[in-house]
Amino acid sequence: MAFKVLLTDYEFENLKYEEDVFAESGLDIEFIKAQCKTEAEVVEQAKNKDAILNQYAPISRRVIESLENTKVISRYGVGVNTIDLDAANAKGITVANVPDYGMEEVSNHALALLLSWARKVTLLNNEVKKGNWDFKACVPIHRFNEQTVGVLGFGRIPRRFIEKVKPLGFKTAAYDPFVSAEDMAAAGVQKMELDEIIREADYLSVHVPLIKDTFHLLNEERFRQMKKNAVIINTARGPIIDEKALIAALEKGIIAGAALDVTEEEPISLDSPLLNMDNVIITPHSAWYSEEAMIELRQKAAKNIVQVLKGEKTPYALT
């Protein structure tokens, strides 16, 4: 009897990479493709499926409790906020992600945002195109070795980001309650507590997952603790930052700027004040992307399913 694998939703032009993984697995797999938007649609489509491959469709507690045969849910990406992990764990369903596919891409993108802000490249480009050929448009700019880059989180991506930042001369610091000061010191990074890094960082790069404890981690109170010249870089998840509070902090000059690859609402509303601010750089949740990363993501997400259906343990299992 064939294993039934449901793809809840996708935005790829074709599914060649997933189909190749399943074809080469040695398993008899029936690959069912859907474009679910709501939990009701997922409930309907997921009936009697052995595995679920998920992009954005909600895999809520209601969905998971309706599952009868499902052994594994694999998600395209690092974040699993589309999936109720507690419900899956209680039901004995393996949930897996692909935590390492975009490590180079996201760390490179965070670095690009940092450098664009530190040298005010985007601002100067826009000024020149408006006819203003004057370096004073970017005043002030400071030497890198006079500034501190702080990271929130010290997993794969921020470690790689820091490795790329350090040769430029920045001082570096990190906050992560799950990583020891000794481990950070071995990487040449100073460990700080949250309030300390909020106060000390000239550039604060966000790399924590979106969970209950990190929702609006950066809010009005924390913006007021930051340096007036501080810039926030976010390549993680939009809701980690209270966007209304961020807008107010930027408008009032409480902090200097932001460089965002993610926003609370995606795509960002065209009437968002962030789009009209010269001290804000925004990219469309593209930090993860390269052609190579996209192929790796899709292959590994499919391989998670194959491994579990074969009775093996995927190294990317979260439950």
Side-chain angles (χ1 to χ4, degrees), residues 109-127 130 132 134-154 158 161-162 165-166 168-176 189-208 214-264 268 272-283:
H109 201 88
L111 179 64
L113 293 174
L114 167 65
L115 291 176
S116 184
W117 229 106
R119 292 300 307 172
K120 299 189 179 174
V121 174
T122 301
L123 172 65
L124 288 170
N125 172 71
N126 293 341
E127 287 296 314
K130 289 189 289 189
N132 182 21
D134 188 349
F135 83 92
K136 297 185 188 70
C138 71
V139 171
I141 285 179
H142 297 285
R143 288 181 176 174
F144 293 174
N145 61 8
E146 298 293 327
Q147 299 175 92
T148 296
V149 173
V151 291
L152 299 184
F154 205 59
F161 171 64
I162 288 293
V165 164
K166 286 180 69 63
L168 299 173
F170 289 102
K171 291 171 276 189
T172 57
Y175 162 74
D176 192 320
V189 179
Q190 181 183 358
K191 181 179 175 71
M192 291 186 178
E193 296 304 315
L194 181 58
D195 286 344
E196 184 182 10
I197 203 168
I198 292 289
R199 292 193 306 268
E200 296 297 325
D202 297 284
Y203 297 93
L204 186 65
S205 192
V206 180
H207 299 281
V208 294
T214 62
F215 178 78
H216 285 184
L217 179 67
L218 297 181
N219 51 37
E220 180 181 2
E221 178 184 355
R222 295 216 163 96
F223 294 141
R224 292 190 179 280
Q225 292 177 296
M226 298 178 79
K227 295 179 177 180
K228 282 200 169 185
N229 66 288
V231 174
I232 293 171
I233 300 164
N234 190 5
T235 54
R237 288 291 183 270
I240 295 167
I241 297 176
D242 181 340
E243 207 162 276
K244 289 183 180 179
L246 173 64
I247 290 168
L250 292 167
E251 289 176 337
K252 295 174 183 177
I254 294 171
I255 62 172
L260 310 171
D261 184 57
V262 289
T263 54
E264 281 211 72
I268 190 170
S272 171
L274 293 171
L275 297 179
N276 297 313
M277 294 181 176
D278 289 335
N279 57 345
V280 175
I281 300 170
I282 301 182
T283 55

For [X], give me all partners under salt bridge (Lys or Arg N to Asp or Glu O under 4.0 Å), at least two apart in sequence or on another chain.
{"X": "Asp195", "result": "none"}
{"X": "Lys136", "result": "Asp134"}
{"X": "Glu220", "result": "Arg224"}

For Asn132, the side-chain hydrogen bond (donor to acceptor under 3.5 Å, both in side chains) test, sequence neighbours excluded, returns Glu127
Sorted by chain and number, sequence neighbours left out, side-chain hydrogen bond (donor to acceptor under 3.5 Å, both in side chains) with Glu243 holds for none
What's the spacing between [X] [atom1] and [Y] [atom2] if we round to 0.5 Å?
{"X": "Thr214", "Y": "Ile240", "atom1": "OG1", "atom2": "CD1", "result": "5.0 Å"}
{"X": "Ile232", "Y": "Leu250", "atom1": "CD1", "atom2": "CG", "result": "7.5 Å"}
{"X": "Leu124", "Y": "Cys138", "atom1": "CG", "atom2": "SG", "result": "4.5 Å"}
{"X": "Leu246", "Y": "Glu264", "atom1": "CG", "atom2": "CD", "result": "9.5 Å"}
{"X": "Arg222", "Y": "Ile197", "atom1": "CZ", "atom2": "CD1", "result": "12.0 Å"}
{"X": "Thr172", "Y": "Gln147", "atom1": "OG1", "atom2": "CD", "result": "13.5 Å"}

Tell me, please, which residues at least two apart from [X] pass side-chain contact (heavy atoms from CB on, under 4.5 Å).
{"X": "Lys244", "value": "Asp242"}
{"X": "Val262", "value": "Asn234, Glu266, His285"}
{"X": "Leu115", "value": "Leu111, Phe144, Leu168"}
{"X": "Ala174", "value": "Val151, Phe154, Met184, Val189"}

Mind listing the closest non-hydrogen atom pair of [X] and [Y] along with its distance?
{"X": "Pro273", "Y": "Glu251", "result": "CB-OE2, 4.1 Å"}
{"X": "Ile247", "Y": "Ser272", "result": "CD1-OG, 4.4 Å"}
{"X": "Pro239", "Y": "Thr263", "result": "CD-O, 4.4 Å"}
{"X": "Ala259", "Y": "Leu113", "result": "CB-CB, 3.8 Å"}
{"X": "Phe223", "Y": "Ile241", "result": "CZ-CG2, 3.9 Å"}
{"X": "Ala230", "Y": "Ala201", "result": "CB-O, 3.9 Å"}

Applying ring pair (Phe, Tyr, Trp, His ring centres under 6.0 Å) to Phe161 and not counting sequence neighbours gives His207
- Query: Given Asp278 and Asn126, is the side-chain contact (heavy atoms from CB on, under 4.5 Å) satisfied, shown in steps?
  - Reply: CA-CA 9 Å; Asp278 289 335; Asn126 293 341; 5.6 Å; no
Applied to residues 109-120, the side chain to side chain donor-acceptor pair (under 3.5 Å) test, sequence neighbours excluded, yields His109-Thr283, Ser116-Thr122
Task: Side-chain heavy-atom pair Ile281, Leu123 within 4.5 angstrom cut-off - done: no
So salt bridge (charged side-chain N to carboxylate O under 4.0 Å, His left out) across residues 196-206, not counting sequence neighbours, yields Asp202-Lys227
